[in-house]
Amino acid sequence: MLEQLGEERVAWLQSLPQQLELEIDGLGRVLFVHGSPRSDEEMLLRTATDERLAMILGGVEADVVVCGHTHMQFDLRHGSKRVVNAGSVGLPYGRAGAHWVELGPDVRHRRAEYDPSSLRTSGWPRASEVVPVIESPPSEEQAIAEFEALIAEGRDATLIQ
């Protein structure tokens with residue numbers, strides 16, 4: 001990675017916060033995380049039980065949590081909290097295309113189709129394994145089944161103490 005990005009870009013990436021909270025009109029306080037408020041590795045799925053959501057959201061003061069990690073869009077509520085997965089621009093599950101979320105004054109899940117063929121010739125070492133997944137992603141049901149198995153084994157939250 002250092003060879004492709006250079007030391008300055010890598011240092012900048014490493015300086016970014018792991019979480020960010022912003023006030024967004026119409027939504028209130030919005031906490032942005034990768035996995036969950038507790039860990040970058042913890043998986044939040046649309047199938048999460050109320051008990052699991054209560055544990056994950058314990059201590060969160062923000063009104064909305066926006067996560068990613070599992071690459072599947074969803075929007076659910078737990079008590080007064082809203083949990084939104086933005087999806088994935090580069091490697092979504094379910095439908096092909098770039099998936100993201102538009103915030104304010106409400107939440108709008110967005111999607112756009114794109115042609116990933118230029119990635120094949122980009123020189124990226126993982127292109128040959130990633131492009132087929134981008135072109136024909138696994139279904140959400142397949143991904144959820146795999147992720148739920150990891151959660152059951154406790155392998156989704158290796159950073160949580």
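Along the sequence shown, residues are numbered consecutively beginning with 1.
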Compare every heavy atom of Met43 with every heavy atom of His69, then report the nearest pair and how far apart it is.
CD2-CG, 3.7 Å
Residue Arg120 excluded, over 12 heavy atoms near CZ under 6.0 Å:
yes
On the 0 to 90° scale, with breaks at 30° and 60°, tag the Phe147-Tyr93 ring pair as parallel, tilted or perpendicular.
perpendicular
Criterion salt bridge (Lys or Arg N to Asp or Glu O under 4.0 Å) on Glu141 and Arg46, from CA distance to verdict:
CA-CA 11 Å; Glu141 290 72 23; Arg46 64 177 161 81; 3.7 Å; yes
Should Leu57 and Leu76 be regarded as members of a common hydrophobic cluster, given that ILVMFWY residues are connected when their side-chain heavy atoms come within less than 4.5 Å of each other, either directly or indirectly?
yes
Shortest non-hydrogen contact between His109 and Asp75, atoms and distance:
CE1-CB, 3.9 Å
Donor-acceptor pair, side chain of Asp63 and main chain of Arg29, under 3.5 angstrom:
yes
Atom CH2 of Trp124 with >12 non-hydrogen neighbours under 6.0 angstrom
yes
Roughly how far, to the nearest 0.5 Å, is CE of Met55 from OG1 of Thr49?
7.5 Å
Is a side-chain donor or acceptor of Ser136 paired with a backbone partner of Val133 at a separation under 3.5 angstrom?
no
I'd like to know if Val101 and Val65 are part of one continuous hydrophobic network [Ile/Leu/Val/Met/Phe/Trp/Tyr, side-chain heavy atoms within less than 4.5 Å].
no
Where the side chain of Arg111 meets the backbone of Ala96, is there a donor-acceptor pair that is under 3.5 Å apart?
yes
Indicate, with yes or no, if Leu103 and Val64 share a hydrophobic cluster defined by side-chain heavy-atom contacts under 4.5 Å among Ile, Leu, Val, Met, Phe, Trp and Tyr.
yes
What's the shortest heavy-atom distance between Leu119 and Ala127, and which atoms?
O-CB, 3.3 Å
So, does Lys81 use its side chain to make a donor-acceptor pair with the main chain of Leu53 at under 3.5 Å?
no
Okay, side chain of Gln73, backbone of Trp100: is any donor-acceptor separation there less than 3.5 Å?
yes
After noting the C-alpha distance and the side-chain angles of Leu44 and Val33, does the key distance pass the side chain to side chain contact (heavy atoms under 4.5 Å, CB included) rule?
CA-CA 11 Å; Leu44 272 167; Val33 302; 5.6 Å; no
Nearest-0.5 Å distance that lies between atom CG in Asp40 and atom SG in Cys67
11.5 Å
Can you get from Val30 to Leu20 by hopping between Ile, Leu, Val, Met, Phe, Trp and Tyr side chains that sit under 4.5 Å apart?
yes
Is the side chain of His71 donor-acceptor paired with the backbone N or O of Leu91 at a distance under 3.5 Å, no angle test?
yes
Count the heavy atoms of every other residue, nucleotide or ligand shown that sit under 6.0 Å from CD of Glu8, and state whether that count exceeds 12.
no
In terms of heavy-atom contacts, Val89 and Tyr114 come closest through O-OH, 3.3 Å
Under 6.0 Å from the CZ atom of Arg110, do we count more than 12 heavy atoms belonging to anything else shown?
yes
More than 12 foreign heavy atoms under 6.0 Å from CD of Glu61: is that the case here?
no
What is the minimum heavy-atom distance between Ala62 and Glu21, and which atoms define it?
CB-OE1, 4.0 Å
Using the rule that two of Ile, Leu, Val, Met, Phe, Trp, Tyr join whenever any of their side-chain heavy atoms come within less than 4.5 Å, decide whether Leu45 and Ile56 are in one cluster.
no
Whether over 12 other heavy atoms sit under 6.0 Å from Glu129 CD:
yes
For Leu27, which of Val84, Leu22, Val66, Val107 qualifies under side-chain contact (heavy atoms from CB on, under 4.5 Å)?
Val107
Distance from Glu42 atom CD to Ile151 atom CD1, nearest 0.5 Å?
8.0 Å
Donor-acceptor check, side chain of Gln19 to backbone of Phe32, threshold 3.5 angstrom: yes or no?
no
Nearest heavy-atom pair of Gly97 and Pro92: which atoms, and what distance?
O-CG, 3.0 Å
